[in-house]
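Written out below as structure tokens is the structure these notes cover.
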2 protein chains.
Amino acid sequence: MHDVAARAGVSIKTVSNVVNDRPHISAETRERVDRAIAELDYQVNVSARNLRLGRTGMIGLAIPALSVAYYGELADLVISRAAEEGLTVVVEPTAACRDAEIDALRGARRRLTDGLLIAPVTLTAADVTHLSAAGPLVILGEDVLDPAFDHVTMADVDGARAATELLLAQGRRRIAVVGPAPGEESKAGGLRLTGYRQALRAAGVPYDESLVVAAGAWGREDGARAALSLLDAGLAPDAVFAVTDTLALGVLHTLRTHGVAVPEDVAVVGFDDVDEARFSHPTLTSVSPGRAEIARTAVRLLQRRLVADGPVEPVVHQAEFRLVERGSTGADRAADSGE
Amino acid sequence: MHDVAARAGVSIKTVSNVVNDRPHISAETRERVDRAIAELDYQVNVSARNLRLGRTGMIGLAIPALSVAYYGELADLVISRAAEEGLTVVVEPTAACRDAEIDALRGARRRLTDGLLIAPVTLTAADVTHLSAAGPLVILGEDVLDPAFDHVTMADVDGARAATELLLAQGRRRIAVVGPAPGEESKAGGLRLTGYRQALRAAGVPYDESLVVAAGAWGREDGARAALSLLDAGLAPDAVFAVTDTLALGVLHTLRTHGVAVPEDVAVVGFDDVDEARFSHPTLTSVSPGRAEIARTAVRLLQRRLVADGPVEPVVHQAEFRLVERGSTGADRAADSGE
DNA sequence: CTGAAAGCGCTAACAC
DNA sequence: GTGTTAGCGCTTTCAG
């Protein structure tokens with residue numbers, strides 16, 4: 001910067017002003033400085049600027065893993081939105097592990113970033129003591145852990161209700177649910193089960209607990225196994241609502257290998273609307289949780305805290321969902337793929 | 001740090017020594033400093049340290065997108081290896097777009113990081129002029145763009161040959177290839193086609209160009225479409241080698257919907273060994289390119305440059321592949337999933 | 001509108 | 001073994 005100033009025949013302060021696009025600089029001076037910058041191939045030193053400004057321009061994104069389709073797609077969106085705000089994202093995979101989530105909250109990495117976006121899987125409301133570690137924070141996820149923090153949630157209950165209503169409208173009455181673990185009322189699976197029950201109640205269809213199958217984890221194989229247990233038990237459902245797309249894809253697999261026609265014999269709906277749902281066989285009807293809106297809102301809320309002087313009123317934002325109908329509920333599939 | 005020094009009754013320099021684990025510090029002093037650090041909840045200022053040291057402790061990872069399974073899985077591994085080296089990763093999705101790839105190489109972000117790992121999709125050897133932008137660099141990918149840089153490649157040719165040999169050993173003689181675009185000899189598709197041809201030649205099986213089907217892009221739907229064109233053309237292959245798993249998954253889809261039994265009528269092999277291959281129907285035999293080794297080696301090569309004083313001799317490293325046999329070539333599927 | 005000087009928090013010579 | 005001191009490159013009062 002000294003060199004640039006010397007070459008342009010101005011003071012170092014003027015160079016700084018030009019670089020930071022300050023007003024009150026004569027066009028002629030600005031041009032001279034710009035030329036000097038170009039000639040010397042000068043680039044500002046980010047570390048020095050950060051030191052002086054007391055911020056790093058970076059935010060953390062703590063999620064279970066990038067290899068999980070939902071989070072990989074979310075990360076792409078967050079990175080893109082953050083870039084528009086001039087922010088750089090550091091991804092911290094937590095492997096859905098409690099220690100890693102706490103570390104994201106309190107660890108050294110936290111000092112490296114100005115703020116944190118975290119999608120907690122294992123943390124509970126009781127862990128908010130850990131969250132008290134200072135610094136701007138936005139929580140992504142289903143349940144509101146502590147209303148003292150910003151939350152960006154999705155419409156688990158309403159989305160699940162809409163999915164169930166679609167099945168009911170087709171005359172389906174024995175609608176199985178795959179995924180919810182007992183006792184997880186406030187997590188995604190539990191909330192989505194709540195939406196399902198609301199739809200049943202509104203339609204006057206009795207709730208049959210034997211049609212609810214837990215799935216262990218949320219992988220394809222868990223869905224396949226759950227569907228198998230449904231078939232083996234002779235429960236003869238005429239529809240399945242799986243609380244995630246990966247589970248639904250596993251369900252589709254089992255139904256296919258057992259000669260059950262989808263959607264004729266059994267309709268299937270998932271949740272998440274991952275890319276793979278557009279290409280499965282049949283294509284998968286799913287609740288799109290508004291990933292783009294979630295990413296956008298999360299970055300915006302965090303940025304709001306970054307630029308704020310004083311304390312900021314916490315916000316809970318729920319993204320709008322959309323039910324995307326595809327082949328697994330009999331929708332026209334012509335637009336879905338090239339087949 | 002001043003406060004810590006004051007409270008511990010030592011100089012600021014001693015605090016620095018303790019924090020950085022320097023030798024020649026009496027246990028007693030160290031303990032006193034540690035206590036003061038804990039009491040004051042002191043954390044080093046990363047920006048200041050970086051400014052002083054002239055480095056940031058961060059590396060970039062430029063890949064097409066995290067939502068693409070292969071790259072999402074790779075990113076998880078790179079982040080984990082980098083963390084072991086004390087490095088923080090900044091992911092830069094390029095959307096397989098030329099401008100974004102050049103920006104990763106020359107843009108402002110480059111100044112923020114000490115080094116860059118890039119998986120170029122559009123850059124060619126001619127673009128090495130852009131690569132000349134200073135700074136440690138490791139190139140991930142199939143072809144060697146410029147031997148002046150470190151490259152971490154995978155065994156495209158050998159892996160494809162092994163895949164083809166497996167099919168030949170089963171007596172398959174009409175082995176279709178899905179994916180290679182004409183004129184991309186040095187890209188992944190072309191290299192994998194080369195391996196296929198080597199295997200045919202070694203087995204004395206004539207190369208039939210009509211069995212090679214380009215696929216446009218590398219999505220599931222592209223594979224489905226390519227398989228359809230094979231069937232429509234009445235080419236009656238008894239096996240398909242798809243140059244990526246996503247293509248292979250599309251191929252499986254089409255075969256299934258057309259009543260072609262896999263592996264009885266047609267065996268299928270993919271390349272990449274993405275997680276989804278373990279759960280498809282049937283499970284997919286695939287060439288595992290050694291993702292873990294690629295991630296490990298790439299981080300190691302970059303770190304080598306980061307710590308080096310003078311110039312470093314460039315290295316080209318090819319990861320070891322492994323052919324993973326699954327249901328789509330008739331392997332025992334018992335271990336693959338819970339079904 | 002531009003210049004001079006101070007200092008962000010840390011590390012590394014160099015003395016003691 | 002430990003203390004003193006001089007910057008790393010930038011932004012920013014405060015003068016002019």
Side-chain angles (χ1 to χ4, degrees), chain A residues 1-37 40-58 86 88 108-114 134-135 306-307 309, chain B residues 1-37 40-58 86 88 108-114 134-135 306-307 309:
Chain A
M1 193 174 245
H2 280 105
D3 301 345
V4 173
R7 186 178 253 268
V10 299
S11 89
I12 187 175
K13 157 73 170 157
T14 306
V15 178
S16 173
N17 282 342
V18 170
V19 169
N20 293 292
D21 243 3
R22 288 288 144 57
H24 309 311
I25 300 217
S26 74
E28 197 252 340
T29 306
R30 155 163 284 131
E31 205 225 326
R32 227 174 41 234
V33 172
D34 279 338
R35 192 165 46 239
I37 287 176
L40 269 52
D41 196 23
Y42 163 81
Q43 305 202 244
V44 306
N45 178 316
V46 185
S47 296
R49 168 180 288 175
N50 290 343
L51 172 58
R52 184 62 239 232
L53 263 39
R55 47 163 213 65
T56 66
M58 298 196 291
T88 296
R109 196 59 67 72
R110 191 74 197 280
R111 298 284 319 165
L112 184 71
T113 51
D114 296 334
L306 297 185
V307 301
D309 286 330
Chain B
M1 193 173 244
H2 280 106
D3 301 345
V4 174
R7 185 178 251 268
V10 299
S11 89
I12 187 177
K13 158 70 170 156
T14 304
V15 177
S16 173
N17 281 341
V18 170
V19 168
N20 294 291
D21 243 4
R22 288 289 145 58
H24 308 311
I25 300 218
S26 75
E28 196 252 340
T29 306
R30 154 164 284 131
E31 204 224 327
R32 231 177 34 238
V33 173
D34 278 338
R35 193 165 46 237
I37 287 177
L40 269 51
D41 196 23
Y42 163 81
Q43 305 202 244
V44 306
N45 179 315
V46 186
S47 296
R49 170 179 287 175
N50 290 344
L51 173 58
R52 183 62 238 225
L53 262 40
R55 47 163 213 67
T56 65
M58 298 195 292
T88 296
R109 198 57 69 72
R110 192 74 199 280
R111 297 284 318 166
L112 183 71
T113 52
D114 296 334
L306 297 185
V307 301
D309 286 328

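Quick note on labels: first sequence line is chain A, next is B, and so on, each numbered from 1. Side chains are part of it too, since the values below use all heavy atoms of this structure and drop only hydrogens, waters and symmetry mates.
When all heavy atoms are compared, the tightest approach of B:Val33 to B:Ala8 is CA-CB, 4.0 Å. Taking all atoms of both residues into account, the shortest heavy-atom contact from A:Ser11 to A:Ala5 is C-CB, 3.7 Å. In plain terms, the two heavy atoms of B:Asp114 and B:Thr56 that are nearest each other are OD1-N, 2.8 Å.
Taking CZ from B:Arg52 and OG from A:Ser47, the interatomic distance works out to 13.0 Å, rounded to the nearest 0.5 Å. Once rounded to the nearest 0.5 Å, the distance linking CG of B:Asn50 with CG of A:Leu112 reads 7.5 Å. Atoms CZ and CG, on B:Arg49 and B:Asn20 in that order, are 4.5 Å from each other to the nearest 0.5 Å.
Proximity of a side-chain donor or acceptor of B:Arg110 to a complementary backbone N or O of B:Gly135 within less than 3.5 Å is detected.
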In B/S/- notation (B base, S sugar-phosphate only, - none; protein heavy atoms under 4.0 Å), nucleotides 11-16 of chain D written 5' to 3' is BBB---
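The footprint of chain B on DNA chain C, defined by a heavy-atom cutoff below 4.0 Å, extends from C:dG9 to C:dA13.
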As a quick check of understanding, evaluate side-chain contact (heavy atoms from CB on, under 4.5 Å) for A:Thr14 and A:Thr29, giving each step before the final call. CA-CA 9 Å; A:Thr14 306; A:Thr29 306; 3.7 Å; yes
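Distances shorter than 4.0 Å separate some side-chain N or O of B:Ser26 from OP1 or OP2 on D:dT2.
A:Leu51 comes within 4.0 angstrom of a base, heavy atoms only.
Both B:His2 and A:Ser11 lie close to DNA chain C; mapped to their nearest nucleotides by heavy-atom distance, the more 5′-ward contact belongs to A:Ser11.
Contacts between residues 27-35 of chain B and DNA chain C, defined by a heavy-atom separation below 4.0 Å, involve no residue at all.
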